[in-house]
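Below: one structure, written as structure tokens.
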Amino acid sequence: MIVGVTAILVTVGIFIGLAAGLIIAEKRLANYGTCTVLLNEGSVVFEQLGGITLLSTLYEHKIFIPSACGGKGSCGYCKVRVLSGGGPLLPTETPYLSRVEQRAGVRLACQVKVKENIELWIPEELLEVKEYHAKVASVQSLTHDIKEINLDLIEPTEIKHRPGQYVQVLASSPEGPVYRAYSISSPTYEKNKVQLIVRLVPGGIASTYLHNLKEGEEIMFTGPFGEFRLSEDPETDVVLVGGGAGMAPIANIIYSIYDRWPDRHVNFFFGVRSTHDIFYLEEFEKLAEKHKSFKVTYALSDPLKEDEKWDGDTGFIHLSLDRRLAPKHRQQAFLCGPPPMIEAVTEVLKEKKLHDDNIFYDKF
Amino acid sequence: MNSTPVFVIFVASIFTNNILLASFLGMCSFLVCSNRIDTAFGLGAAVTFVMLFTTMIDYLIYHYVLIPLKLEFLSYIIFIAVIAAFVQFVEMFVERFSPKLYYALGIFLPLITVNCAILGASLFMVLRKYNFAQSTFFGLGSGIGWALAIALMAGLREKMGYSNVPARLRGPGIVMLVTGIIAMAFMGFAGMLKLQ
């Protein structure tokens, strides 16, 4: 009995001693002093206590670069160009970087630690990314698992984005806060609000959080991010293909286009399973009556049940696209939906003479 | 008490009783990290450092805490805790002063924790009833011996890169064979000194 107690005491005592020694060592050894972080040839300069990752340094100073995995090194989004002072390229980064990127000094910000003065280059528009506080204005169910969430911006009160860009919503989870990307579905001219279209993913952290939001609750997000670049040339036709919650960036693009170019040609294809999954169809049909150059096609992939009424297309959406789209060089395509859909649609678009550079997509 | 002179223990633990070549402890990192001579040197130095200090600390804890309290049975868990903590310390040290070595060693740096040669040195020290000075030099010697063995191996492997090794033997196979031959060469010294 006594031996047991002394054994436990001795073990605990020695462990505490070792831990204390390590803490002191960490204070001494892992202290890298203040380092200067220099962005884009000096357009932003700040001092940072060394020892932490570049990603958290940038977030601390309100520079929001995209990151979906929260710094675990598994998404490969947080790419920045390190011009000097980043240390050697790590084995954890190489899978996400092409040879060209490696030569240009591109690194994953979540893996680089700030230990000395460091010089970076990030795309100019990422410096424009801000952190937004917003209030839920309304939540509306579109289908059994898709909700439309309208947010009024509180601080800052305005957001400037290109059609098809996304924001990163901050959702709390048992393992700490996570950021998840959602496309903005409200058009670009509505500067004081942001609308999201969210499909509930079973077990999904952010989609569960967003689906449980009530009117008046506050929410935080960063943005805008995204590589979708709509051509400014009104003679360039636009093809939009989406499925499910892939509606979000597409709705934004459609309304933004018809606000600026009332006669621009837009071909919109939307794939759903059954009539129960259809939403926004009436609104788009109204828009098509107003703008003759707008064509909208919904297609059901599941066979019709007895109680369903449908006189539109059936079958997968890429088949509708193949039937209805005329081959043309000067058109841009924006796709948003599940990976198999994107792959099938990309193939059809290439047959229709679209160039790779003119096909933009979001896979999820 | 063991009456072997300190100097004999030191030389013997490097050559005749080399912890890697005579006792075959610490083989895993030896096999994997002996590709390049600079990495091998780095790991060897880190192991030597850890081994020297853990034998000293373990000696003090064993003789001044565990024996008076009759808690010798705790030695394994305490020794391993000391080694683990010390490796953490070395990791911080190396990351600070030699980031290149830090990335070259990669996962093998924290894995020194489970390098059996290090625990082996502490256990031999208890088994052979060394005093403090003897333990210190035994730890230092064993570390140098391990570093010597891995550096030799790395040198040979760098040369072997140019030789025509039969396909089936490439990699660990030929390393095992060569290790055996080096071990036999080291045993040629065995008659000179004896450790018990």
Side-chain angles (χ1 to χ4, degrees), chain A residues 1-35 49-54 73 82 84-97 102 105 107-108 110-118, chain B residues 32-33 35-36 38-39 42 46 49-50 53-54 56-111 113 122:
Chain A
M1 184 62 198
I2 291 166
V3 174
V5 172
T6 39
I8 292 167
L9 285 179
V10 166
T11 318
V12 170
I14 287 175
F15 279 29
I16 290 175
L18 291 172
L22 276 179
I23 290 169
I24 294 168
E26 190 166 4
K27 279 244 162 81
R28 287 281 167 104
L29 280 176
N31 179 359
Y32 292 91
T34 30
C35 310
L49 216 55
I52 66 168
T53 66
L54 192 54
V82 178
S84 73
L89 188 72
L90 306 184
T92 42
E93 298 172 83
T94 40
Y96 300 100
L97 302 173
Q102 291 187 15
R107 306 284 304 269
L108 296 189
C110 65
Q111 301 298 307
V112 177
K113 276 192 175 175
V114 182
K115 290 179 185 168
E116 52 190 325
N117 294 347
I118 198 164
Chain B
V32 183
C33 270
N35 282 323
R36 295 163 46 99
D38 47 347
T39 323
F49 188 72
V50 174
F53 282 95
T54 51
M56 285 162 70
I57 299 169
D58 286 346
Y59 177 90
L60 296 176
I61 292 179
Y62 188 79
H63 286 272
Y64 295 102
V65 181
L66 299 186
I67 288 186
L69 294 170
K70 298 198 171 50
L71 292 173
E72 291 93 331
F73 63 90
L74 277 180
S75 59
Y76 284 81
I77 191 167
I78 298 291
F79 287 177
I80 288 186
V82 168
I83 291 168
F86 211 79
V87 169
Q88 290 280 307
F89 172 72
V90 172
E91 203 181 338
M92 280 189 255
F93 191 84
V94 175
E95 188 182 1
R96 180 71 202 255
F97 292 106
S98 174
K100 221 179 141 203
L101 180 63
Y102 180 75
Y103 296 119
L105 294 177
I107 186 69
F108 292 100
L109 196 52
L111 277 185
T113 311
S122 289

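Each chain gets a letter, A, B and so on, in the order its sequence line appears, and its residues count up from 1.
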### Query
What is the minimum heavy-atom distance between B:Ile77 and A:Phe15, and which atoms define it?
CG1-CZ, 4.5 Å

### Query
What residues form a side-chain contact (heavy atoms from CB on, under 4.5 Å) with A:Ala19, not counting sequence neighbours?
none

### Summary
Applying a strict 4.5 Å limit to non-hydrogen atoms, the region of B:Phe86 in contact with chain A is neither

### Contact class of B:Ile57 relative to chain A, heavy atoms under 4.5 angstrom
neither

Under 3.5 Å, which donor-acceptor pairs link chain B to chain A? Give each pair on its own line with the distance.
{"from": "B:Glu95", "atom 1": "OE2", "to": "A:Lys115", "atom 2": "NZ", "distance (Å)": "3.3"}
{"from": "B:Arg96", "atom 1": "NH1", "to": "A:Leu29", "atom 2": "O", "distance (Å)": "3.2"}
{"from": "B:Arg96", "atom 1": "NH1", "to": "A:Asn31", "atom 2": "O", "distance (Å)": "2.7"}

### Summary
One should read off an interatomic distance between A:Leu18 CG and B:Ile83 CD1, to the nearest 0.5 angstrom, of 11.0 Å

### Message
Does any backbone or side-chain atom of A:Ile14 lie under 4.5 Å from a heavy atom of chain B? Answer side chain, backbone, both or neither.
### Response
side chain

